[in-house]
Amino acid sequence: MAAMARHLITSAIPYINGIKHLGNLVGSQLPADLYARYLRARSHEVLFLCATDEHGTPAELAAAKAGKPVAEYCAEMHDVQAGIARGFALSFDHFGRSSSPQNHRLTQHFAHRLKEAGLIREVTEHQMYSVADGRFLPDRYIEGTCPNCGFESARGDQCDNCTKQLDPTDLINPRSVISGSTELELRETKHLYLRQSAMRGQLEQWILSKTEPTGEIRNGVEMIRTTWPILTTSIALKWLRDGEGLQDRGITRDLDWGIPVKDGDADWPGMEGKVFYVWFDAPIEYIACAQEWVDAGKGTDWERWWRTDKGADDVRYTQFMGKDNVPFHTLSFPATILGSGEPWKLVDYIKSFNYLNYDGGQFSTSRGRGVFMDQALAILPSDYWRWWLLSHAPETSDAEFTWENFQASVNKDLADVLGNFVSRITKFCRSKFGEVVPEGGAYGDQEQALIADLTARVAAYQAQMDAIEVRKAAAELRAIWVAGNEYLQSAAPWTTFKTDPAVAAMQVRLGLNLIRFYAVLSAAFIPDASAGLMAAMQTDDWSWPDDVAGALQALPPGHAFNVPEVTFRKITDEERADWQTRFAGIRA
RNA sequence: GGCGGCGUAGCUCAGUUGGUUAGAGCAGCGGAAUCAUAAUCCGCGUGUCCGGGGUUCAAGUCCCUGCGCCGCCA
């Protein structure tokens with residue numbers, strides 16, 4: 001096995017506005033946590049970071065709706081999201097905030113570097129200003145009648161009825177979505193644009209460095225094989241090459257809430273009162289978050305994770321995100337990093353996910369359709385969700401959540417296969433030998449076969465986890481659980497006990513050791529249940545089973561244990577039906 | 001409208017660079033066992049690989065096209 005490595009892991013940072021649904025969870029934070037937990041268990045050094053993404057108009061509006069100053073609203077929502085993250089046992093080394101002073105300084109620093117590199121240009125443009133609201137309005141916050149189809153609630157960027165793309169000035173009788181005011185006027189304003197187009201070649205070179213040629217030429221185009229997930233690379237190249245190609249992007253806005261536009265520590269003439277646009281400062285928070293981690297006293301040196309001139313060149317950096325975030329992570333953020341001309345760590349591997357659908361449709365925040373993270377925790381322990389979501393992660397295509405599938409999977413995998421295994425072996429031992437690991441007997445062919453089988457399966461499990469093949473890893477883990485039941489079924493200690501108690505003792509001892517073995521292997525998926533099993537087995541030996549035979553002797557004869565409470569109770573049909581109606585939301 | 005993705009057993013999904021009789025889990029059917037959360041284990045899978053063309057000695061796997069579903073469009 002490879003020597004200990006250092007892994008930097010970030011999850012896409014969730015927007016501050018509201019509580020996320022299960023689709024958001026499984027698209028970034030949860031698989032990131034799985035990977036982080038696994039690598040730590042394998043004794044690698046891990047820095048796992050996440051944060052809340054707090055700037056932008058939606059946060060301001062949500063705060064206004066809640067009747068609170070936006071800073072206060074964000075602070076409260078950050079705590080809410082942090083609490084929910086703890087509820088799902090997400091093991092962030094730090095859960096930061098994009099509104100942190102560290103991110104302010106760093107964002108302004110990057111802007112300065114990009115300006116020095118000639119990668120920022122100033123653009124004077126005209127935008128809709130709402131006199132009543134006292135602010136410029138983003139296109140989607142202007143509504144009016146569509147000039148094309150007459151739909152009365154067309155948005156300034158697009159008509160939801162006829163899907164025609166619009167400019168706010170196209171709308172008939174435009175009004176502010178915020179206040180309803182029709183007192184709108186076109187005002188001149190100046191903004192900064194990041195010259196992404198100038199970096200196209202550099203970005204393409206970097207992205208192609210994550211692929212390898214197959215040698216095949218098809219239709220005059222050389223075929224490539226991706227080392228990143230196909231989803232990641234195809235989205236990146238599409239944005240880079242298709243249509244008009246990579247466009248320059250505005251990185252500032254006329255808002256109050258955000259990071260003030262500055263040229264490093266200095267003022268930026270003409271940009272007073274403006275802030276950086278949220279997409280610019282949000283990914284920089286990945287770096288600032290490491291600074292927050294140090295400033296919070298949890299670490300001592302953030303630069304060895306982020307500066308390749310200060311030790312980060314041997315760090316492997318993995319990002320997790322939903323597919324909608326891929327362009328920002330493959331193009332925009334790398335443009336910021338590369339454009340700075342400084343030796344910042346670039347991402348090595350981007351794991352992206354498709355969407356999770358809910359019962360034949362989309363999860364919908366606005367319609368309250370689907371299960372949200374707080375609701376999920378209110379009805380079942382987090383491990384139930386973690387297991388189902390990870391074992392059904394939308395890796396190759398969009399995935400489907402149905403209550404029937406959820407109930408069946410969780411009951412079968414967790415309650416019947418794993419939970420019942422623990423139950424049957426501990427209770428049998430208690431009734432025949434007491435609550436202590438029994439002594440006597442020696443391995444026979446069955447035990448040797450089991451060890452050989454498990455050795456192969458653990459290797460397969462590790463290979464899938466190393467490759468971040470989440471569903472396949474879950475399937476391997478489940479097969480490892482099944483192997484325990486197969487063994488018990490054929491060894492049948494309840495039968496051997498009648499004729500040869502020593503053999504039965506050996507079989508039971510092995511069975512009890514399998515519980516610890518499973519707890520260690522399963523902890524990345526179901527950390528709380530694993531901790532419960534370890535407590536029941538009265539051990540804190542979390543060492544990874546590099547040697548399966550040795551690992552299955554960790555609990556020696558005479559070692560005391562408790563028969564655990566039901567590890568996973570089953571979901572009843574009544575509960576399923578109840579939840580099904582409760583979370584159906586308002587159908588369109 | 002443009003672009004992208006998807007369409008494989010009742011359900012959820014695998015199917016690597018095209019190559020022998022298309023796979024897994026669940027559900028279903030049959031059997032074994034009775035330690036256990038009525039929990040386990042074993043056996044049983046012909047399904048138009050959405051339809052239609054094409055390339056090839058060979059296509060679920062490549063190309064074209066039709067249909068259906070979904071997403072994105074700064």
Side-chain angles (χ1 to χ4, degrees), chain A residues 138-140 148 157-158 162-165 193-194 196 212 214-216 218-219 223-225 230-231 234-235 237-239 241-244 246-251 277 279 322-328 331-332 354-355 357 360-362 388 391-402 404-433 467 469 471-472 474-476 478-479 481-498 504 507-508 511 563-572:
Chain A
D139 292 353
R140 66 177 182 282
N148 190 46
D157 54 347
Q158 184 180 30
C162 69
T163 73
K164 184 179 171 61
Q165 295 206 45
Y193 274 64
L194 176 59
Q196 294 187 139
E212 52 193 52
T214 61
E216 181 190 0
R218 190 176 295 158
N219 296 330
M223 296 290 107
I224 56 172
R225 183 179 299 117
I230 295 168
L231 183 67
S234 64
I235 290 175
L237 290 177
K238 168 171 125 27
W239 283 68
R241 294 169 166 175
D242 281 13
E244 297 167 38
L246 193 58
Q247 301 292 297
D248 294 349
R249 291 200 61 158
I251 59 166
Y277 189 24
W279 78 255
K323 60 183 171 186
D324 51 326
N325 258 320
V326 169
F328 295 104
L331 302 171
S332 300
N354 289 283
Y355 292 141
N357 290 320
Q362 284 182 296
W388 190 89
S391 61
H392 294 78
E395 289 178 297
T396 52
S397 65
D398 290 356
E400 182 77 16
F401 176 92
T402 65
E404 289 84 355
N405 185 294
F406 175 71
Q407 178 193 23
S409 297
V410 161
N411 285 355
K412 186 69 182 175
D413 298 347
L414 297 182
D416 296 348
V417 174
L418 177 59
N420 184 56
F421 173 81
V422 172
S423 193
R424 63 196 298 205
I425 189 67
T426 53
K427 286 179 181 172
F428 180 75
C429 182
R430 179 172 63 186
S431 73
K432 304 302 183 192
F433 302 101
E469 289 286 348
R471 301 174 79 128
K472 289 176 180 172
E476 284 295 342
R478 186 186 187 282
W481 297 340
V482 168
N485 280 312
E486 287 172 358
Y487 169 74
L488 267 196
Q489 204 64 29
S490 64
W494 46 91
T495 301
T496 55
F497 182 79
K498 293 171 188 165
Q507 293 166 335
V508 168
V563 174
E565 298 301 313
V566 170
T567 309
F568 294 101
R569 71 170 184 83
K570 292 203 193 194
I571 296 168
T572 66

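Order of the sequence lines sets the chain letters (A, B, ...), proteins ahead of strands, with each chain counted from 1. Bear in mind the structure is a predicted one, so any value in this text is a computation, not a measurement.
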Task: Phosphate-side-chain proximity, K570(A) and rA39(B), N/O vs OP1/OP2 below 4.0 Å - done: yes

TODO: Look at K472(A) and rG15(B) and indicate whether a side-chain polar atom (N or O) is within less than 4.0 Å of OP1 or OP2.
DONE: yes

Task: Distance, P atom - from rG54(B) to rG60(B), rounded to whole angstrom - done: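 Going atom to atom, P in each nucleotide, I get 15 Å.
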
Open item on the list: If I pick the C1' atom on rC29(B) and the same atom on rG19(B), what distance separates them, to the nearest angstrom?
Closed with: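 After rounding to an integer number of Å, I get 35 Å for this pair.
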
Task: Per-nucleotide protein contact string for nucleotides 24-32 of chain B (B base, S sugar-phosphate only, - none; heavy atom under 4.0 Å) - done: -SS------

Open item on the list: Nearest heavy atom decides the nucleotide; on that basis, is T567(A) or Q196(A) closer to the 5' end of RNA chain B?
Closed with: T567(A)

- [ ] Map K427(A) and R471(A) onto RNA chain B by nearest heavy atom, then report which one ends up closer to the 5' terminus.
- [x] R471(A)

Look for any protein N or O under 3.5 Å of an N or O in nucleotides 42-45 of chain B and output each such pair with its distance, or none.
from	atom 1	to	atom 2	distance (Å)
rC42(B)	OP1	E486(A)	OE2	3.1

Open item on the list: I'd like to know whether the aromatic ring centres of F421(A) and Y487(A) sit less than 6.0 Å apart in this structure.
Closed with: no

Open item on the list: Could you tell me how far apart R424(A) (CZ) and rC35(B) (C1') are, to the nearest whole angstrom?
Closed with: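 Rounding to the nearest Å, CZ of R424(A) and C1' of rC35(B) are 6 Å apart.
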
Open item on the list: Determine whether a donor-acceptor pair (N or O, by modelled atom type, separation under 3.5 Å) exists between the side chain of W279(A) and the backbone of G250(A).
Closed with: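 Flag set: sc W279(A) to bb G250(A) pair under 3.5 Å.
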
Open item on the list: Between rA39(B) and D416(A), counting only base atoms on the nucleotide and side-chain atoms on the residue, is there a donor-acceptor pair under 3.5 Å?
Closed with: no

TODO: Return the stacking result for rC35(B) and W494(A): yes when the ring centres lie under 5.5 Å apart and the planes under 30°, no otherwise.
DONE: yes

